[in-house]
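Reminder, nothing fancy here: chain letters follow the sequence lines and each chain counts from 1.
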Amino acid sequence: MLEGWQAGCSCELTMPPPSGIRRVGEGVFELPAIVRPGMRVPVRIFASEALLQAMDDAVFQQAANVATLDGIVGASMVMPDAHWGYGFPIGGVAAMDPRTGVISPGGIGFDINCGMRLVLTDLTLAEVEPRLHELVDALYRRVPAGVGSQGFLKLSEDEFTQVLEQGARWCVARGYGTAEDLARTEEGGCFAGADASAVSARAIERGHHQIGTLGSGNHYLEIQVARPEHVADPALARRLGLTRPNQVAVMFHCGSRGFGHQVATDYLQVFLHAMKAKYHLEIVDRELACAPFRSPEGQRYFAAMKCAANMSFANRQVILHRIREVFSQVFGRSAEDLGLRMVYDVSHNTAKLETHVVDGARRELLVHRKGATRAFGPGMAGVPAEYRETGQPVIIGGSMETGSYLLVGVPTGAAAFFSTAHGSGRTMSRTKAKRQFHGRELQRSMEARGIYVRTASYAGLAEEAGAAYKDIDAVAEATELAGLSRRVARLTPIGNVKG
Amino acid sequence: MPWEYIEDGVTSDVTFRAWGQDLDELFSAAAEATASAMVEDAATTVAALRTVPVRAEASGLDLLLLRFLEELIFEKDARGLILRAREVRVDGDDAQGWTLQATLVGEPIDPARHALAGDVKAVTLYGLRVERDGAVWRAQVTLDV
């Protein structure tokens, strides 16, 4: 039994598929390890009943597949925003025993260290509103987005290698940010142990010019407001820097771009081969390709994955630098004077070695989080000193029409290896959304509702319509219900740059 | 080119089906579906200003298709090119392995002339299939977007 696990009632629910699912605690459900052959652990789903009912069937199948992986500990876990992915569900968490278990690129995602960064300002809505168009237009020009875009940093291969091993620290050493930015980034903005020699020349060729770019899909840069009626916990909000009514924030979501995608692509092929020929590992879905964590292939992928994680931290750091430049230019004051400071930068696509308590004993585990956010509770090592009492800030990005959440980790998060949701979770395929919504109409209708959007792709905008997502309020509430994280404030969009 | 996106495919990604009278046609159609996931109407808006030769080999046809489509994604990021397949030749069998030789043609992505769609990240192995159905070859592919 995992520490913090709430053993509650186990009444059967009368619901359609999957049969055999049981409610085992407040906001927690379980599928026993018998729903498919080879499961080593049960599937545990953290959700409200409504979110559970609405989940794609594929989520349960995929989470049951993950439960068959070698060395998995405790349970194959599903976050409240989970939806159908490839291999692992998006919103899947799996902790492996590093001595006996595997590492799987499919449990991390192609976009390694895709993550969220939240930045506060001392400005209020009333001060930003008159300059909103100018601000969003300038951000759209200065933070490249969309297919084929390149960043302003022109790095030699040697310099790029340094970025891979140093992450956001490389950027700060060159004037793109502050020591405080690093302190407020997961892992201090640099995964230790990144080894650029584990990365292919093809990955470097693919991504070395993309630092400072947003990408596309669900990646965005948003100007948001913390309205007083949306502050769930005023005391916590103050501790995290939300001190004035209608305070303006900037939130952005992006990852390791083509570089990270290529690292994952390369190692999937390596693992597909080694898995069968060398390690005789059986998997039920090729997208779960894996290798023993302690194998040469597993260790090389881990070192390469860290390079991609560092590229992503550098990407978000350089974007923050651009944001500071733009705000400073638009408002004619220094970024410091405008109070542009980070709350936190947190990843939702990684695998990390962490210490957790399992059956009363401390164990080192390799925790895969794919579309899941680390949410360390108060007092835990790895949380910046200023957040030791509040718990680690968690940033859940919602759809561009509805809003996003700032939350914190809580002690009961131990039940999910201190993980929580990462977004709203899609309910509608991109193809369906594109047929149902029209990008330019959506842009007009959002502007009428006070959200000014600039996009590199109108088709992409249609795919990101709010109605293609779950209800962000329900997701954030479910994380609190299940004891994974605690709501601090809901942030609503007023401006958006879409890839 | 015969291909279609699937509405009830993987929620956050793009799933398509492609088909052809032979493997060469099937692979060309899959390339066009992939290009169209990056630039809308790639078939009609992309000019053949650059030529990129591609060679690939794999033990199975599905992995051969994956490697071929990965080239389009790689060129999009590495050189900012949007490419379509002009000539595709697939040879081999399951016993000896499969090879592909193709010519990709296209041009640098230009947001002023190309309607940008998704910045495709990868070709996934999830549900990847290439199979013969009577006289027709069919494939299903999910792209991570």
Per-residue contact mode, [X] against chain B (heavy atom under 4.5 angstrom):
| X | answer |
| --- | --- |
| A:Thr455 | neither |
| A:His208 | neither |
| A:Gln62 | side chain |
| A:Leu268 | side chain |

Under 4.5 Å, counting heavy-atom pairs only, tell me which of B:Gly118, B:Ala37, B:Ala78 racks up the most with chain A.
-> B:Ala78
Comparing B:Glu75, B:Arg67, B:His114 against chain A, the one with the most heavy-atom pairs below 4.5 Å turns out to be B:Arg67
Which atoms of [X] come close to chain A, meaning under 4.5 Å heavy atom to heavy atom: side chain ones, backbone ones, both, or neither?
| X | answer |
| --- | --- |
| B:Ile82 | neither |
| B:Thr142 | neither |
| B:Val123 | backbone |
| B:Asp62 | side chain |

Interatomic spacing from [atom1] in [X] to [atom2] in [Y] - rounded to 0.5 Å:
| X | Y | atom1 | atom2 | value |
| --- | --- | --- | --- | --- |
| A:Lys434 | B:Tyr5 | NZ | OH | 5.5 Å |
| B:Lys121 | A:Ile112 | NZ | CD1 | 11.0 Å |
| B:Tyr126 | A:Trp84 | OH | CH2 | 5.5 Å |
| A:His209 | B:Arg79 | NE2 | CZ | 9.5 Å |
| B:Ile73 | A:Thr265 | CD1 | OG1 | 7.5 Å |
| A:Gln262 | B:Phe74 | CD | CZ | 6.5 Å |

Is the shortest side-chain N to carboxylate O distance from A:Arg435 to B:Glu4 below 4.0 Å?
-> no
Where B:Ile109 and A:Gly148 come nearest, the two heavy atoms and their spacing | CD1-CA, 4.1 Å
What pair of heavy atoms forms the shortest contact from B:Glu70 to A:Arg202, and how long is it?
-> O-NH2, 4.3 Å
Less than 4.5 Å apart, side chain to side chain, heavy atoms only: is that true for [X] and [Y]?
| X | Y | value |
| --- | --- | --- |
| A:Arg430 | B:Asp13 | no |
| B:Ile6 | A:Thr431 | no |
| B:Thr124 | A:Phe110 | yes |
| A:Leu272 | B:Leu63 | yes |
| B:Asp119 | A:His261 | no |

Hey, is the main chain of [Y] close enough, under 3.5 Å, to the side chain of [X] for a donor-acceptor pair?
| X | Y | value |
| --- | --- | --- |
| A:Ser429 | B:Val10 | no |
| B:Glu7 | A:Lys432 | no |
| A:Arg426 | B:Thr11 | yes |

For A:Glu157, does the CD atom sit with more than 12 other heavy atoms under 6.0 Å from it, leaving out its own atoms?
-> no
May I ask you to check whether over 12 heavy atoms, not counting those of B:Arg55, lie within 6.0 Å of atom CZ?
-> no
Chain B contacts, top residue of A:Glu463, A:Gln269, A:His219 (heavy-atom pairs, under 4.5 Å) | A:Gln269
Flag for B:Asp144-A:Tyr86: side-chain donor and acceptor within less than 3.5 Å = yes
Show the numbers, then the answer: is there a side-chain contact (heavy atoms from CB on, under 4.5 Å) between B:Glu40 and A:Tyr458?
-> CA-CA 10 Å; B:Glu40 286 188 88; A:Tyr458 284 99; 6.0 Å; no
